[in-house]
Amino acid sequence: MTETYRFLPLVHERIPADESLERARAFRDRMRARRSVRDFSSDPVADDVLEALVAAAATAPSGANRQPWRFVIVRDAETKSRIRVAAEKEEKESYEHRMPPAWLLALAPLGTDWHKPFLETAPALIVVFKKDYELVNGERQNAYYPNESVGIACGFLIAAIHAAGLVTLTHTPSPMNFLGEILGAAPGETAYLLLPVGHPADGAEVPDIHRKPLDQVVTWR
Ligand code: IYR
């Protein structure tokens with residue numbers, strides 16, 4: 001027998017429309033200042049900060065509230081080195097043999113290659129695992145919309161990192177199964193995204209890229 005949840009009054013404060021506009025624009029401007037960073041300083045980030053970042057990510061909505069994610073926070077130098085070695089091996093193979101010419105051409109202006117020093121330099125790597133299912137008392141319990149749910153959680157995480165004055169990069173070494181091997185994935189778990197977190201290196205540069213104008217990405221009707 002499944003029962004319904006107990007329902008409670010929503011905790012919500014209605015704010016005046018003008019203040020709503022102000023807040024929406026302030027958040028927009030804050031988000032506009034976010035950039036993906038590839039050059040990290042080794043300056044540390046406190047565990048309390050890292051914990052608050054993943055706690056914010058874990059507030060994301062998820063299919064049937066299954067919360068199909070796990071965040072592995074890697075600070076240990078030896079584990080970071082193992083991840084770098086394994087990631088660079090896959091990335092080298094990708095850049096040299098697996099990525100089709102059109103993809104390499106699309107990436108060329110960004111100047112990325114298979115070298116991933118940030119995997120060792122950044123003080124922490126957050127590896128996000130997606131759970132397609134979990135074993136609950138030995139029984140398989142499926143997640144629903146796990147890709148959407150974990151994608152949203154990653155969006156929250158990236159916004160939280162930015163709000164904390166730190167930088168990150170959405171790194172997707174491919175294939176990522178080595179992360180499950182190094183970090184110990186549970187049944188049903190697969191690595192979804194790797195986010196180095198830290199401070200930018202002195203003199204860090206970012207490409208002069210621009211976001212599409214709103215009229216190209218928004219339709220009103
Ligand atoms: N995963 C590789 C390649 C890469 C792919 C895309 I799409 C990018 O926007 C950037 C890089 C890497 O991390 O280098």
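FYI, side chains are in, hydrogens and waters are out, and symmetry mates aren't considered; it's all heavy atoms of this structure. Counting convention: from 1, in listed order, for ligands and their atoms alike. Index from 1, following the sequence.
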ask   = In this structure, are over 12 heavy atoms from other groups packed under 6.0 Å from Tyr133 atom OH?
value = yes
ask   = Any idea how His171 and Phe118 line up, ring-wise: parallel (<30°), tilted (30 to 60°), or perpendicular (>60°)?
value = perpendicular
ask   = Do any N or O atoms from the side chain of Arg38 and from the backbone of Leu169 form a donor-acceptor pair under 3.5 angstrom?
value = no
inquiry  = To the nearest 0.5 Å, what is the distance between CD on Glu120 and OG on Ser42?
reply    = 11.5 Å
Output, or 'none' if empty, a list of ligand 1-protein atom pairs in which both atoms are N or O and the distance is under 3.5 Å, rounded to 0.1 Å.
| unit_1 | atom_1 | unit_2 | atom_2 | d |
| --- | --- | --- | --- | --- |
| ligand 1 | 1 (N) | Glu91 | OE1 | 3.2 |
| ligand 1 | 1 (N) | Thr172 | O | 3.2 |
| ligand 1 | 13 (O) | Glu91 | OE1 | 3.1 |
| ligand 1 | 13 (O) | Lys116 | NZ | 3.3 |
| ligand 1 | 13 (O) | His171 | ND1 | 3.1 |
| ligand 1 | 14 (O) | Glu91 | OE1 | 3.1 |
| ligand 1 | 14 (O) | Tyr95 | OH | 2.5 |
| ligand 1 | 14 (O) | Lys116 | NZ | 2.4 |

ask   = Applying salt bridge (charged side-chain N to carboxylate O under 4.0 Å, His left out), which residue pairs with at least one partner in residues 127-139 are found, sequence neighbours left out?
value = Lys130-Asp132, Lys131-Glu134, Lys131-Glu189
Atom CD of Glu93 with >12 non-hydrogen neighbours under 6.0 angstrom = yes
